[in-house]
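Worksheet: the structure to be examined is printed underneath.
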Amino acid sequence: MPDVPSLRAALLDWYDAHARSLPWRAPPGSCQRTEPYRVWLSEVMLQQTTVPHAAPYFERFTARWPTVTDLAAVEDAELMAAWAGLGYYARARNLLACARAVAGTHGGVFPDTEAELLALPGVGAYTAAAVAAIAFDRPANVVDGNVERVMSRLFAVETPLPAARPELRRLAALFVDAHRPGDWAQALMDLGSGVCRPKSPLCGQCPLTFGCEARKTGAPALYPLKTKKAARPHRLGHAYVLRDGAGRVALVRRPDKGLLAGMAGLPTSDWSVAAPAFEPPAAGDWRAVGAVDHVFTHFSLTLTVHVGRGDGADFQWTAPETAAKALPTVFRKALERGLAGPD
């Protein structure tokens, strides 16, 4: 069993010297904690993307909506457009629901306990623990993929993921302490992100090698063990770039439930394993101009793009440059393919 107090002290010392400078973070050991709104916003953004990708979004969001009350007042469509490129739009909807709950029910002030944070819309166990620890310096077990990897290597856990998650969470809890809980959570994140990497871990730079059981095996990169994933299914569909006499593009609002719910999109067919029927949204002289590929978490997709001319009152007619900024990535790809013409 690794020496938990020694490991904890070593990692905090390392963090004091090597902490990343991030726009949502207070320096290690700082008496001034990061504002809860900034911690929460950054954690939601980082759930599906990396720090370099999320940081510019964070800067734009906080410049545009500097407080949670400002964010709560934004229109849904405006937020969705600003979120484009950060993944899962359901998280954007949850972000707005949470902001409105904090602004309305809590008077614009985030609650300061893990239990109260967990009761907010769209706030899960990880985010609640992260905000409690980092913003309010409360002892909380903050466990994400980076922490799971560090724990699996420190203790050479032989149970593969995802079955190992309860055990890894229990092991991470051994390190939770009232001494610098916010810095501890961020130190683990930095270690997992920059040193204890998924591939080619930089063990020579790690402050915890003296107690790492996976290091002793000679093959630390094998941890965490993982159950083999099933192959990602592939789906097919048609996307329609319909333009009117003024050159505007026809957009539709997607259903309120399901993938990309409530978002603006191009008219499309169903997305299915077998090639769907070609059923354009308006009569006209349609022609195929190529295809685009996109990968979602649970399936990959190939859309054959068709362009045509027409009109109709059932569409949101939008200038192409405006449409490109408002569309989710998969539809932006299809629009760009349609505007470029045949291959």
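The closest donor-acceptor contact from the side chain of T227 to the backbone of L161 lies under 3.5 Å. R248 contributes no side-chain N or O that, together with a main-chain N or O of A319, makes up a donor-acceptor pair within less than 3.5 Å. A side-chain donor-acceptor contact under 3.5 Å links S42 to the backbone of R38. Between the side chain of R93 and the backbone N or O of G122 there is no donor-acceptor pair closer than 3.5 Å. Between the side chain of T34 and the backbone N or O of A26 there is at least one donor-acceptor pair closer than 3.5 Å. Under the 3.5 Å distance criterion, the side-chain polar atoms of R254 are left unmatched by any main-chain donor or acceptor of G265. Checking side-chain atoms of R149 against main-chain N and O of C196 turns up a donor-acceptor pair under 3.5 Å. Using modelled atom types, no side-chain atom of K199 and backbone atom of A221 make a donor-acceptor pair closer than 3.5 Å. Side chain of T217 to main chain of A214: a donor-acceptor pair is present (N/O by atom type, distance under 3.5 Å, no hydrogens or angles).
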Go through the steps for L96 and V74 under the test side-chain contact (heavy atoms from CB on, under 4.5 Å), then give the verdict.
CA-CA 8 Å; L96 198 48; V74 71; 3.6 Å; yes
With side-chain contact (heavy atoms from CB on, under 4.5 Å) as the criterion, how do S272 and L236 come out once you've worked through the C-alpha distance, each side chain's angles and the decisive distance to 0.1 Å?
CA-CA 5 Å; S272 56; L236 303 170; 5.7 Å; no
Please step through side-chain contact (heavy atoms from CB on, under 4.5 Å) for the pair W24 and Y37, ending with a clear verdict.
CA-CA 9 Å; W24 49 80; Y37 170 59; over 6 Å; no
Begin with the C-alpha distance, continue with both residues' side-chain angles, and end with the deciding distance and a verdict on side-chain hydrogen bond (donor to acceptor under 3.5 Å, both in side chains) for N94 and R91.
CA-CA 5 Å; N94 286 335; R91 291 189 300 115; over 6 Å; no
Let me see the working for M151 and F175 under side-chain contact (heavy atoms from CB on, under 4.5 Å), right down to the final yes or no.
CA-CA 10 Å; M151 293 301 146; F175 294 87; 3.7 Å; yes
Could you walk me through whether H234 and S300 pass the side-chain hydrogen bond (donor to acceptor under 3.5 Å, both in side chains) test, one step at a time?
CA-CA 5 Å; H234 186 69; S300 58; 2.7 Å; yes
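Atoms OG1 and CH2, from T268 and W271 in turn, are 5.5 Å apart once rounded to the nearest 0.5 Å. Here L120 contributes atom CG and F110 contributes atom CZ; the two are 7.0 Å apart, rounded to the nearest 0.5 Å. Separation of atoms OG (S152) and CG (L225) is listed at 7.5 Å; rounding is to 0.5 Å. To the nearest 0.5 Å, the span separating CZ on R235 from NE2 on H298 amounts to 10.0 Å. If you take OG1 on T318 and CG on L251, they are separated by 4.0 Å, rounding to the nearest 0.5 Å. One finds the CZ atom of R169 at 11.5 Å from the OH atom of Y126 (value rounded to the nearest 0.5 Å).
Defined by atom type and a distance below 3.5 Å, a donor-acceptor pair is missing between the side-chain atoms of Q48 and T297. A donor-acceptor contact under 3.5 angstrom links the side chains of Q186 and R25, judged on distance only. With no hydrogens or angles considered, no side-chain donor-acceptor pair links D190 and S193 at under 3.5 Å.
Residues F136 and T113 form no side-chain contact, since every pair of their non-hydrogen atoms from C-beta on lies 4.5 Å or further apart. Two residues are said to be in side-chain contact when any heavy atoms from C-beta on lie closer than 4.5 Å; L191 and Y15 fail this criterion. Between P220 and C203 the shortest side-chain heavy-atom distance falls below 4.5 Å. Between T50 and H53 there is a side-chain heavy-atom pair separated by less than 4.5 Å. Under the 4.5 Å side-chain criterion, counting only non-hydrogen atoms from C-beta, H306 is in contact with F278. For the pair L117/D112, no side-chain contact is recorded, criterion being any heavy-atom separation below 4.5 Å from C-beta on. Side-chain contact between L79 and L71: present, with at least one pair of heavy atoms (C-beta onward) separated by less than 4.5 Å. Between L154 and V150, some side-chain heavy-atom pair lies under the 4.5 Å cut-off.
Y223 pairs with exactly one of E213, E158, R153 by the side chain to side chain donor-acceptor pair (under 3.5 Å) rule, that one being E158. Residue R180 forms a salt bridge (Lys or Arg N to Asp or Glu O under 4.0 Å) with just one option from D16, D137, D13, and that option is D16. Residue E43 is tested with I134, D144, V142 for a side-chain contact (heavy atoms from CB on, under 4.5 Å); the sole match is I134.
Under the rule for a salt bridge (charged side-chain N to carboxylate O under 4.0 Å, His left out), R60 has no partner lying at least two apart in sequence or in another chain. Scanning for ring-ring contact (aromatic ring centres under 6.0 Å, His included) contacts around F155 gives an empty result, with sequence neighbours left out.
Annotation: D270, atom CG; neighbour count of heavy atoms from other residues, nucleotides and ligands within 6.0 Å does not exceed 12.
D311 has no carboxylate O lying under 4.0 Å from a charged side-chain N of R243, or vice versa, which leaves the two without a salt bridge. Note on E78 versus R64: salt bridge recorded, some NZ/NE/NH1/NH2 to OD/OE distance being below 4.0 Å. Comment: R165 engages E148 in a salt bridge, judged by a side-chain N to carboxylate O separation of less than 4.0 angstrom.
Taking the six-membered ring for Trp and the full ring otherwise, F58 and F61 have centroids separated by 6.0 Å or more. Separation of the Y240 and W286 ring centroids falls under the 6.0 Å cut-off.
Taken together through direct or relayed side-chain contacts under 4.5 Å among Ile, Leu, Val, Met, Phe, Trp and Tyr, V252 and L266 form parts of separate hydrophobic clusters.
Judged by the 6.0 Å distance and 45° axis criteria, R232 is not positioned over the aromatic ring of F299.
L118 belongs to no hydrophobic cluster with other residues, because no ILVMFWY side-chain heavy atom falls under 4.5 Å from its own, directly or through intermediates.
Taking the six-membered ring where tryptophan is involved, the planes of W317 and F315 are perpendicular, since the angle between them exceeds 60° and thus also 30°.
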